[in-house]
Amino acid sequence: MPELPEVETVVRSISPHLLGRTIVRASFSSPLVTRGGLEKTAESIAGATIRAVRRRGKQIFFDLDRGMLYVHLGMTGKLLWDAEPGKHTHALVEFAEGTLQYDDPRQFGRMEFFDALPEAFERRGPDALGVDFETFLTRLKARRGRIKTLLLNQSVLSGLGNIYVDELLFASRVHPRTPVSRISRDRARLLHEKMQEILKLAIERRGSSISDYVDASGTPGDFQQLHRVYGKAGEPCPECGGAIRRVVVAQRGTHYCPRCQRA
DNA sequence: ATCTATTCCTGGCTGC
DNA sequence: TGCAGCCAGGAATAGA
């Protein structure tokens, strides 16, 4: 599942193909993925030139000379350059130099055109990568609830998903159900440090390929080899040797060490 | 304000 | 080998 490091890797691998290039034509085939109308979206971007490729959290924006093409990969979305279209290909954006393709078996992702940034997007939290500590602390402390729920909430902070939250909480020795009111300033400092460390390392490793995640050239990442708790229920904890436990928190499978991460 | 449950969807897995 | 049933989950949404 694409989270911040995977989305960053996709952006880095697709940008060189797209910057400054002009869209010759486009076609969209999934009303679920492309909600603004299939024909209308294709017409809106035809002839436009890509001025910038940006990421905020898990959101990708292709800034055009007029409006923007927005992409969210959801669970199984892929942006591919010059790939073979398959049965889950929902969009083709053609350039003189090649074709940008969007594939997504589950269709939880989006590929839509916007004239301007939607209001709801402007209220998203700051990007988890590079957010300063005071902003991180302030945004966490402005809410109540369990730490895992808040870290997953894109209005609080943008970019974290289930894998990196579990890894981050383990690295910081924080129980996923800890109420945020009980997180000390020092513990928050540790969470912030570990978050930067883990995200940077995961980007270096080109993301985690758990099921079928790949970048724009079809290359998988290998950060999954460095996962310490995610997907490791029943296996020994790398720190204490006790069994990693799997529970449900915020409707998500949650992996943690009951001994290292005390409630 | 914050919680939980539900919805979207299909590949992959289990068990017969 | 086939197939039914279940599960995974990002984010929007509804209801408590």
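Everything quoted here is computed from the prediction, not taken from an experiment. Every chain is numbered from 1, with letters handed out A, B, ... down the list of sequences.
Both A:V131 and A:L129 are assigned to one and the same hydrophobic cluster, defined by single-linkage of ILVMFWY side chains at heavy-atom distances under 4.5 Å. Tracing side-chain contacts under 4.5 Å through hydrophobic residues (I, L, V, M, F, W, Y), one reaches A:Y230 starting from A:M75; they form part of the same cluster.
When each of A:N162 and A:F121 is assigned the nucleotide of DNA chain C bearing its nearest heavy atom, the one mapping closer to the 5' terminus is A:N162. Remark on DNA chain B: of its neighbouring residues A:R144 and A:Q251, the 5'-side contact belongs to A:R144, judged by nearest-heavy-atom nucleotide.
In this entry the distance linking CG of A:D104 with C1' of B:dC9 reads 9 Å, nearest Å. The interatomic distance linking A:R146 (CZ) with B:dC3 (C1') rounds to 10 Å, in whole Å. Rounded to whole angstrom, the span from the CG atom of A:L150 across to the C1' atom of B:dA1 amounts to 12 Å. One can place CD1 of A:I210 at 13 Å from P of B:dC13, the figure rounded to the nearest angstrom. Counting to the nearest Å, the P atom of C:dA11 and the CZ atom of A:R110 are 11 Å from each other. Regarding A:L151, its CG atom lies at a distance of 14 Å from the P atom of C:dA11, rounded to whole Å. When the C1' atom of C:dG9 is taken as reference, atom CE of A:M75 falls 4 Å away, rounded to whole Å. A straight line from NZ of A:K148 to P of B:dC3 spans 14 Å, rounded to a whole angstrom.
Residue A:G161 is out of contact with every strand shown, counting any heavy-atom pair closer than 4.0 Å. The residue A:L73 sits apart from the nucleic acid: no heavy atom pair falls under 4.0 Å. Within the nucleic acid shown, A:R177 has no heavy atom closer than 4.0 Å to any nucleic acid atom. Using a 4.0 Å heavy-atom criterion, one finds that A:G253 contacts the sugar-phosphate atoms exclusively. At the heavy-atom level, A:R124 lies under 4.0 Å from the strands shown only through sugar-phosphate atoms.
The side chain of A:H88 contributes no N or O atom lying less than 4.0 Å from OP1 or OP2 of B:dC9. Under 4.0 angstrom from either OP1 or OP2 of B:dC9 there lies no side-chain N or O belonging to A:K87. Listed pair A:Y230 / C:dG9 meets the phosphate criterion, a side-chain N or O lying under 4.0 Å from OP1 or OP2. Taking 4.0 angstrom as the limit, A:R252 places a side-chain polar atom (N or O) nearer than this to OP1 or OP2 of C:dG10. Checking the phosphate oxygens (OP1, OP2) of C:dA11, a side-chain nitrogen or oxygen of A:H72 falls inside 4.0 Å.
Under 4.0 Å is where a charged nitrogen must lie from a carboxylate oxygen, and between A:E112 and A:R35 no such pair does.
For the atom pair CZ (A:R206) and CD1 (A:I203), the distance works out to 11.5 Å, reported to the nearest 0.5 Å.
Among the nucleotides C:dG9, B:dG11, B:dT2, the one closest to the side chain of A:R106 is C:dG9. Closest contact between the side chain of A:F108 and the listed nucleotides C:dG9, B:dC3, C:dA11 involves C:dG9.
Under the 3.5 Å distance criterion, with hydrogens and angles disregarded, a donor-acceptor pair is assigned to the side chains of A:D104 and A:T76.
The shortest side-chain heavy-atom distance between A:H255 and A:H227 does not fall under the 4.5 Å cut-off.
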